Participant: 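Below is one structure. I have some questions about it.
Lettering of chains follows the sequences in order, A, B, ..., and the numbering in each one begins at 1. Please read all numbers here as calculations on a predicted model, not as lab measurements.
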Number of protein chains: 2
Amino acid sequence: MKPKTRTRAVPTGRPRMEDVARLAGVSLVTVSRVLNTPDAVAAPTRQAVMEAVRRIGYVPNLTAGALAGSRSRIIAAVVPTIANSIFADTVQGLSDRLEGEGYTILLGQTGYDAGRERSLVTAMLGRRPDALMLVGAPLSAATGRLLAAAKIPIVQTWEMVRRPIDHVVGFSNAAAGRVVAEHFVARGYRHVRFVGGADARSKARQAGFDAALRAAGMTPLPAVTVPSPGTLGHGRDALCRVLDEGGPTDALFFSTDVLAIGALLECQRRGIAVPGRLAIAGLGDQDLAREMVPPLTTVRISGLEIGRRAADLLLDAIAGRRGGAQRIDLGVQLIERATT
Amino acid sequence: MKPKTRTRAVPTGRPRMEDVARLAGVSLVTVSRVLNTPDAVAAPTRQAVMEAVRRIGYVPNLTAGALAGSRSRIIAAVVPTIANSIFADTVQGLSDRLEGEGYTILLGQTGYDAGRERSLVTAMLGRRPDALMLVGAPLSAATGRLLAAAKIPIVQTWEMVRRPIDHVVGFSNAAAGRVVAEHFVARGYRHVRFVGGADARSKARQAGFDAALRAAGMTPLPAVTVPSPGTLGHGRDALCRVLDEGGPTDALFFSTDVLAIGALLECQRRGIAVPGRLAIAGLGDQDLAREMVPPLTTVRISGLEIGRRAADLLLDAIAGRRGGAQRIDLGVQLIERATT
DNA sequence: CTGAAAGCGCTAACAA
DNA sequence: TTGTTAGCGCTTTCAG
């Protein structure tokens with residue numbers, strides 16, 4: 001037994017392209033072509049190869065393909081959190097568009113933590129994705145540098161980031177705050193207040209809200225800060241705090257629908273008339289906002305659409321279509337319903 | 001200029017391990033060791049390498065690592081849908097546990113479609129994940145074969161699959177239906193009905209529900225079928241259908257909290273007394289179920305816990321700990337609240 | 001239209 | 001503790 005070149009690296013044992021080639025009686029390259037550029041191969045050859053693929057249950061090793069080729073066909077998605085959140089819609093939109101194009105989604109959650117974001121992004125970049133989507137601005141400069149150095153198409157979402165790394169698909173969070181403020185003013189509310197998290201988007205909504213109030217000659221009451229991500233419980237707690245303080249508050253703008261609905265439900269429990277005693281507005285226009293009794297006034301934002309547009313942008317960028325960095329502002333729209 | 005071995009494959013242009021090695025004055029393997037098994041390298045060497053890594057902003061190519069080594073450090077997660085769904089919690093739980101261990105999550109959605117599931121699983125398996133989590137049983141035998149042939153740890157969740165591929169972390173959907181049925185019987189409801197989707201888990205809940213009713217000498221009214229994934233709108237529509245038919249229905253078991261809440265809100269809109277005129281129960285015990293007014297009777301299922309346990313199981317299996325296939329039944333618990 | 005050769009960037013065995 | 005060597009499974013030139 002001649003010990004021909006002892007194998008060092010560990011083989012996987014799974015069928016390889018070479019096995020398919022042998023069975024089909026063609027060379028390995030031909031198999032590769034059938035799989036990647038079928039039109040470049042004669043029909044009979046193609047069929048023989050496909051048959052062989054089927055027979056041995058060959059599943060191409062995309063890791064090897066990614067290493068050898070230029071593209072990994074992986075898109076990374078970085079969101080603050082996925083559970084009970086509006087970002088799930090964005091991931092869905094992104095994924096729906098991309099799966100059909102042969103891309104796979106790498107998902108990561110930062111939990112609004114800068115350190116976690118950094119290690120997450122490092123790990124994802126290590127997979128050499130063809131593009132990356134993230135929500136908002138990086139939580140730290142280090143992450144920003146990492147992203148910029150990656151030299152791949154990047155799309156930031158959910159806000160019109162000031163100094164974008166590359167593309168942006170979002171809306172003005174300040175404008176969202178403004179339209180609610182203007183609505184409150186028009187409705188005659190005078191003691192209004194913002195409730196939201198400490199994250200950048202929430203702060204931007206608050207800033208826009210406060211600025212519009214001042215422009216109308218009003219002084220916003222101090223904001224109520226809640227943890228991110230917002231939950232129904234946080235919305236309820238915020239309402240309790242406002243009520244317990246016993247101030248003159250007559251309208252509340254919550255940074256997200258979830259918070260607003262948590263508060264609205266607490267009002268129902270306590271028998272507080274909405275909007276009679278207290279007006280409530282949210283942001284997101286989730287299904288539940290429309291279905292609530294009474295239906296919630298909110299700012300319409302389509303997380304799904306953000307995801308889809310981000311996907312389209314990334315696809316174009318990967319293909320080398322379009323010129324420079326795009327900045328897509330999806331705009332905001334106030335949906336006036338019964339809680340204000 | 002001697003044209004030494006013209007490069008064929010396309011280099012990425014990003015710094016490689018070799019670049020770090022040169023700068024640190026060590027060999028390539030040493031860099032690899034510093035990154036993977038730092039304890040196997042002398043402290044001064046390690047520091048020199050780390051410094052070099054920092055200087056040139058080296059991000060290890062995990063694709064190359066996966067190809068050369070045995071592990072990809074990728075875990076695939078296959079769920080029906082992620083937006084507005086209980087599965088988002090499971091993905092979160094899985095991801096929370098796994099990220100800390102250096103794994104990255106590949107996410108895919110089947111949309112309850114067998115064909116899409118098949119191509120999705122093929123694509124994911126092509127990335128050679130170290131393990132895979134999926135919700136329930138494969139939608140087709142073809143997917144099942146693909147999964148079994150992958151020879152990696154697999155965990156099926158959200159149901160105690162009859163013939164599992166490998167591990168299972170779930171609960172008995174039939175038992176969930178049963179506890180609700182028994183509760184309805186005990187409460188004295190006599191004209192009860194199931195509302196749910198056409199997916200396997202929903203059907204199992206219905207079967208358990210119907211069986212328990214028959215065991216109590218009752219005949220369940222025909223079930224109302226809604227599309228999967230369930231939405232608030234579907235719940236509302238189902239309620240409308242039941243009401244329009246004008247039958248004697250006095251209690252409704254919805255396959256998910258979302259459906260139940262959609263119906264509950266419609267009851268509020270129509271001024272239908274719950275549970276006076278109609279009792280409503282859901283499944284999932286999402287935050288909203290507890291916060292609703294009145295709070296919803298439901299079956300507690302922790303999607304987060306399912307994800308966490310699945311992650312733990314997979315981690316053990318990858319490490320070679322534990323013996324055969326595990327079957328973890330998290331059980332079901334009826335949470336009696338005010339809607340029944 | 002098909003094939004041969006040359007890597008992609010890294011890890012694993014082996015030796016020093 | 002560190003270095004050398006031989007691949008992992010595929011795509012990409014370049015020839016034919």
Side-chain angles (χ1 to χ4, degrees), chain A residues 3-22 24-49 53 56 58-74 125-128 130, chain B residues 3-22 24-49 53 56 58-74 125-128 130:
Chain A
K4 52 172 299 192
T5 340
R6 249 173 313 173
T7 298
R8 308 300 181 89
V10 184
T12 56
R14 299 210 53 167
R16 296 168 307 154
M17 209 170 249
E18 194 190 334
D19 301 322
V20 176
R22 197 178 309 116
V26 297
S27 79
L28 182 152
V29 237
T30 300
V31 177
S32 175
R33 286 202 186 96
V34 169
L35 264 20
N36 298 308
T37 53
D39 294 340
V41 178
T45 314
R46 188 167 57 224
Q47 276 153 29
V49 169
V53 165
I56 62 178
Y58 172 68
V59 177
N61 185 331
L62 303 180
T63 296
L67 183 59
S70 27
R71 321 164 318 289
S72 64
R73 293 205 157 274
I74 283 180
L125 256 20
R127 307 286 171 188
R128 298 296 187 265
D130 289 343
Chain B
K4 52 173 297 192
T5 341
R6 248 173 313 174
T7 298
R8 307 301 180 87
V10 184
T12 57
R14 298 209 55 165
R16 295 168 306 153
M17 209 171 249
E18 193 189 336
D19 302 321
V20 176
R22 197 178 310 114
V26 297
S27 81
L28 183 152
V29 243
T30 300
V31 178
S32 174
R33 286 200 188 98
V34 169
L35 264 20
N36 299 307
T37 54
D39 294 339
V41 178
T45 314
R46 188 167 57 223
Q47 276 154 27
V49 170
V53 164
I56 63 178
Y58 172 67
V59 177
N61 185 330
L62 302 180
T63 296
L67 183 59
S70 28
R71 321 163 319 288
S72 63
R73 294 206 157 272
I74 284 180
L125 256 20
R127 307 285 172 188
R128 300 294 186 264
D130 289 343

Participant: What are the two closest non-hydrogen atoms of B:A66 and B:S72, and how far apart are they?
Facilitator: CB-CA, 3.7 Å

Participant: Can you check the B:L125 CG to D:dG9 P distance for me, whole Å?
Facilitator: 15 Å

Participant: How long is the line joining CG of B:L67 and P of D:dC10, in whole Å?
Facilitator: 9 Å

Participant: Can you tell me the distance, in whole Å, between the CZ atom of B:R71 and the P atom of C:dT11?
Facilitator: 8 Å

Participant: Rounded to whole angstroms, how far apart are CZ on B:R127 and P on D:dG9?
Facilitator: 17 Å

Participant: Quick one: B:E18 CD to D:dT4 C1', roughly how many Å, whole number?
Facilitator: 14 Å

Participant: With a 4.5 Å limit on heavy-atom distance, are the side chains of A:R127 and B:I74 in contact?
Facilitator: yes

Participant: Which of these nucleotides, C:dT11, C:dC8, D:dT12, is closest to any side-chain atom of B:M17?
Facilitator: C:dT11

Participant: Indicate, with a heavy-atom threshold strictly under 4.0 Å, whether A:T45 touches base, sugar-phosphate, or nothing.
Facilitator: sugar-phosphate

Participant: With nearest nucleotides of DNA chain D determined for A:R14 and B:G25 from heavy-atom distances, which residue corresponds to the more 5′ nucleotide?
Facilitator: B:G25

Participant: Any heavy-atom pair between the side chains of B:V59 and A:R128 that's under 4.5 Å?
Facilitator: yes

Participant: For B:D19 and C:dG9, give me the distance from atom CG to atom C1', rounded to whole Å.
Facilitator: 11 Å

Participant: Of all the choices, D:dT2, C:dG9, C:dA4, which nucleotide is nearest to the side chain of B:A42 once you look at every atom?
Facilitator: D:dT2

Participant: Compare all side-chain heavy atoms of A:N61 with those of A:R14 and state whether any distance is below 4.5 angstrom.
Facilitator: no

Participant: Is there a residue in residues 28-39 of chain B whose heavy atoms reach under 4.0 Å of DNA chain C, and which residues are they?
Facilitator: B:L28, B:V29, B:S32, B:R33, B:N36

Participant: Might you point out which heavy atoms bring B:A64 and A:L67 nearest each other, and give the distance in Å?
Facilitator: CB-CD1, 3.7 Å

Participant: Give B:T12 one of three labels, base, sugar-phosphate or nothing, depending on what nucleic acid heavy atoms sit under 4.0 Å from its own.
Facilitator: sugar-phosphate

Participant: Of all the heavy-atom pairs spanning B:A24 and B:A48, show the shortest one and how long it is.
Facilitator: CB-O, 3.9 Å

Participant: Please report the distance, rounded to the nearest Å, between CZ in A:R73 and P in D:dC10.
Facilitator: 16 Å

Participant: A:R46 and side-chain contact (heavy atoms from CB on, under 4.5 Å): which partner among A:L35, A:T30, A:V26, A:V34?
Facilitator: A:V34

